[in-house]
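Ligands are counted one by one from 1 in listed order, and the atoms in each one are counted from 1 as well.
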Amino acid sequence: MKATAVAPANIAFIKYWGRIDAAKKLPANPSISMNLSACITTTTVEFSDKFASDEVTAGFDKQRIFDHIDRIRAIAGITQKAHVETKNSFPTSTGIASSASGFAALTLATASALGVSFSEKELTALSQLGSGSAARSIPDGFVKWEGEVARSLYPSGYWDLRDIVVIVGSTGKDVSSNAGHDTVRTSPYFQERLRALPERISRCERALQQKNFQELGQVIEEDCLDMHHVMQTQHPPLFYWTDETKTIMDEVKHWRDQGLPVYFTVDAGPNVHLICEAGNETSVMEKIGNTYQVIVNKPAKGAHLL
Ligand code: DP6
């Protein structure tokens, strides 16, 4: 009763911010993302009669991991305790979100160790209960998550994009994204965001379908700024950017003015994700220079067993 699964983190082109049901982590809006090849979690789960209690070697929030194992254990109808070993390909101190890759890998490894076979759809729904964005780390490549289902729009080989993560910092967040979702309705701009999203989502899907990079980049930046506008106007307000974050965002605009097609997006932390096509990776790296640590990601397949 032992299995190992790997799962990628993902970067949202259209962000998930806010829920209509906190317990089920039902998102307020559909989101679209790309799996990240260099931000991977590998998790081994073993169930045994000889274990006296659940244990996890590492992990950000052990109780959240135990609660998730409980859910899957209840479905399988067994009582054996679990030992969980988990490691990330990226240093956790970088502030790169590990909950998406973490809960996707944990769901698949736990289900497999218990011998329960779930469809991809069921795996996305289960992962979502651990962490919303984890649902998007189950299917391959470019993924759309809506309601309780995430599905692949295109496989990882569809479009050779890059997400170059510029590591700005890892200062412990005052408010986690988990808590931030709960207070989203205190922003007067949240309803406006919801009204604008259907059209923005269509634009993003069309840009992906047509491989129109400029349109994709514009919609990615627009949605990032819109989400942060909501975050910054919630109570309490959530400011995830540092001065360096802002400096890099300004630089990206400047590089674009010089003719380099690159766009930024930022999640619930200060790191900046630079999105470009493969052919411009070298130029973007030259622009970044040696000041920052970077993680270069290609589109990746979703969670799978080792
Ligand atoms: C800003 O998936 O971390 O990264 O469901 O509470 O685990 P929980 O929240 P989480 O929220 C992610 C928010 C975001 C945007 C996104 O990835 O879509």
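Considering Ser33, Ser127, Ser152 in turn, Ser33 is the only one that fulfils the side chain to side chain contact (heavy atoms under 4.5 Å, CB included) rule with Arg136.
Looking at ligand 1, you'll find an N or O of Asn178 within less than 3.5 Å of one of its N or O atoms. Between Gly132 and ligand 1, an N or O atom pair is found at a separation short of 3.5 Å.
Taking the six-membered ring for Trp and thresholds of 30 and 60 degrees, His83 and Phe51 have nearly parallel ring planes, at less than 30 degrees apart. Using cut-offs of 30° and 60° for the angle between ring planes, the Trp241 and His228 rings count as tilted. Ring geometry for Phe13 versus Phe142: interplanar angle of 30 to 60°, hence tilted.
Under a cutoff of 6.0 Å and an axis angle of 45°, Lys211 and Tyr158 form a cation-pi pair.
Given atom 11 (O) of ligand 1, the protein heavy atom at minimum distance is His181 NE2, 3.0 Å. The protein heavy atom nearest to atom 7 (O) of ligand 1 is Ser131 OG, 2.6 Å. In this structure, atom 3 (O) of ligand 1 lies nearest to the protein heavy atom Ser177 OG, 3.0 Å. From the protein, the heavy atom lying nearest to atom 4 (O) of ligand 1 is Asp267 CG, 3.5 Å. Scanning the protein for heavy atoms near atom 14 (C) of ligand 1, the closest one is Tyr16 O, 4.0 Å.
Only the side chain of Ser99 comes within 4.0 Å of ligand 1, judged by heavy-atom distances. Contact annotation for Arg136 and ligand 1: only side-chain heavy atoms (C-beta onward) come within less than 4.0 Å of the ligand. At a heavy-atom cutoff of 4.0 Å, ligand 1 is contacted by the side chain of Met227 but not by its backbone. Heavy atoms of Ser133 found under 4.0 angstrom from ligand 1 belong to the backbone as well as the side chain.
The closest approach between a heavy atom of Arg64 and any atom of ligand 1 is below 4.0 Å.
Note: Glu277 CD to Asp160 CG = 9.0 Å, rounded to the nearest 0.5 Å. For the atom pair CZ of Phe264 and CD1 of Ile164, the computed distance is 15.5 Å after rounding to the nearest 0.5 Å.
Each of the following atoms of ligand 1 lies closer than 4.0 Å to a heavy atom of Ala12: 16 (C), 17 (O), 18 (O). For ligand 1, the atoms sitting less than 4.0 Å from at least one non-hydrogen atom of Arg19 are 5 (O), 6 (O), 8 (P), numbered in the order shown with element in parentheses. For ligand 1, the atoms closer than 4.0 angstrom to any heavy atom of Lys25 are 5 (O), 6 (O). Annotation for ligand 1: atoms under 4.0 Å from non-hydrogen atoms of Lys15 are 18 (O).
Ser101 places no side-chain N or O within 3.5 Å of a backbone atom of Pro8 that could act as its donor or acceptor partner.
Linking ILVMFWY residues whenever their side-chain heavy atoms come closer than 4.5 Å, directly or via other members, places Ile11 and Tyr240 in the same cluster.
Gln258 and Lys287 are linked by a side-chain donor-acceptor pair at a separation below 3.5 angstrom, with hydrogens and angles left out of the test.
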